[in-house]
Amino acid sequence: MTNRPVRTRIAPSPTGDPHVGTAYIALFNYVFAKQHGGQFLLRIEDTDQARARRDSEKAIMDSLHWLGLSWDEGPDVGGPCGPYRQSERRDIYEKHAMELLEKGEAYRCFCTNERLNQLRVYQKAANTPPGYDRLCRNLDREESDRRAAAGEPFVIRLKMPLEGDSVMVDQLRGQIVRSYRELDDQVLLKSDSFPTYHLANVVDDHLMGITHVIRAEEWIPSTPKHIRLYEAFGWEAPQWIHMPLLRNPDKTRSKISKRKNPVSLLFYKEYGVLPEALVNFLALMGFSFGNDVEKFTLPEMIQAFSFEKVSLGGPVFDLEKLVWLNGLYLREMTPQSLLDAVQSLWLNRDYFEKIMPLVHERMRTLTDFVDLSTFFFNCQLDYATEDGKQLVPKGRTPAEMVALFEELVEAIDGMEDYTVENLEALLRRVTESRGWKTKDVFMPVRVGVTGRKATPPLFESMFIVGRERTRVRLRQAMNHLKTLPAPPAAG
Ligand code: GLU
């Protein structure tokens, strides 16, 4: 590998909340680049038009800035290799796909979806491996040009070698070998002329001078295709580093998921985790500092980092440990800076002004404010209380309520705009679809979100508590419901 200046990148797809996994991977890219006096880039991979969201892009950028993982080049700060948003680079991908077509490294595939579906059904029935059967790979160029000129829709596929092995050297894992026979002729350009992830990712990594691709291990299966693309273009490939995935702290040790852990960076911010503590915690997930040192700063990590100190055991995202570490950071703060931090999170005039109109009616003394509004400030609520019993209305079962909460959490996740009106519409819709009484939905949700049965107006409260904490609470309430005994069977 030639000695190029180190350039790394984080390339999130802005399809949801800013994920802890994105911060974890960004951190290692950042640290490696800084250690080598190189650059760290942010590239937004938003070619999935159906799923990409601008608000998600903004939340990702805000969260990474909050953590102090700022980039040298990116959509907001610009740079010599821009634009840094893939949706603004479509002509570049198209041009590169055409280049491979010209070189005979790729081909047009005119197979209709209908044919591909039939092929899948046939392969399943015949118990043969799935994948495209390469029907169009042998079309001669003239026919291909003629059909394209006549307006027949097509995709562009990469010609994978028909035999031999793909060999990747991963800096953490050594050689990873895969037989080309298992690899499909990957689609590079779709019929709407949008690129697939594979084409856009490789073209951009090359044009942006990325020297080290540090990403999560779930991308390992894609890497042989990427290596093949580098070869087809005649480009020098970057070094590959696939980091171990963050895992759930339960027996399954599955990839971290929002069902089992809050995964949104916004949650940790709203929970009152300090950015330094979260960065330190994420670093510990993949890296050991040495000498059992667990608490270290970002500059210290930049000094001490090496890939030899990255371990491959699936790191468990253990909230308790994060909170413990956060406590260490809090104790180092001066009372004044702690006060500033607490105030800027929730105990500030802006936030009080939102709450005040909701509790006003119920106050008899000024100090009533405290009791009436605690749930706006708390993070975790206790449901093993008298009020908590209202999570299951008379005549309903815990299982029914779990299903209701599950549906609500999903809907709140997918809600385009988190507003009072949309929340009300949602609760009315789930009530109607079940044919339940309003109170059978509203009361349990009220208790789930506030921990109390008498509270200020429900939708406004959910709105102020915010999307993040609302859904985390609904999930926690759901977990509590799952511990309740089922009612005895009839008879
Ligand atoms: N857009 C991909 C993601 O969402 C990028 C994967 C990569 O780093 O190549 O993670």
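The analysis underlying the following values was restricted to heavy atoms, covering all of them including side chains, and did not include hydrogens, waters or symmetry mates. Atoms within each ligand, like the ligands themselves, are counted from 1 in listed order.
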Inset, instruction - Taking salt bridge (Lys or Arg N to Asp or Glu O under 4.0 Å) as the test, write out the residues that go with R467, two or more places apart. - result: none
Nearest to [atom], what protein heavy atom do you find, and at what distance?
| atom | result |
| --- | --- |
| atom 5 (C) of ligand 1 | A11 O, 3.3 Å |
| atom 10 (O) of ligand 1 | W219 CZ2, 3.4 Å |
| atom 4 (O) of ligand 1 | S13 OG, 3.2 Å |

Could you measure the distance from the [atom1] atom of [X] to the [atom2] atom of [Y]? Nearest 0.5 Å is fine.
| X | Y | atom1 | atom2 | answer |
| --- | --- | --- | --- | --- |
| N326 | Y329 | CG | OH | 9.5 Å |
| R141 | E102 | CZ | CD | 4.5 Å |
| E57 | S13 | CD | OG | 11.0 Å |

Inset, instruction - Using a strict cut-off of 4.0 Å, indicate which atoms of ligand 1 neighbour a heavy atom of E45. - result: 1 (N), 2 (C), 5 (C)
Legend entry - Contact atoms of ligand 1, heavy-atom distance to R215 under 4.0 Å: 7 (C), 8 (O), 9 (O)
Legend entry - Region of N201 engaging ligand 1 - heavy atom pairs below 4.0 Å: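 Contact part for N201 vs ligand 1: side chain (C-beta onward).
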Inset, instruction - Check R9 against ligand 1 and report side chain, backbone, both or neither, counting heavy atoms closer than 4.0 Å. - result: side chain
Inset, instruction - Could you walk me through whether R53 and D48 pass salt bridge (charged side-chain N to carboxylate O under 4.0 Å, His left out), step by step? - result: CA-CA 10 Å; R53 288 178 12 203; D48 184 347; over 6 Å; no
Legend entry - Parallel, tilted or perpendicular: ring planes of W240 versus H226, cut at 30 and 60 degrees: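 If you compare the ring of W240 with that of H226, the planes turn out tilted.
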Legend entry - Min N/O separation P12 to ligand 1 under 3.5 Å: no
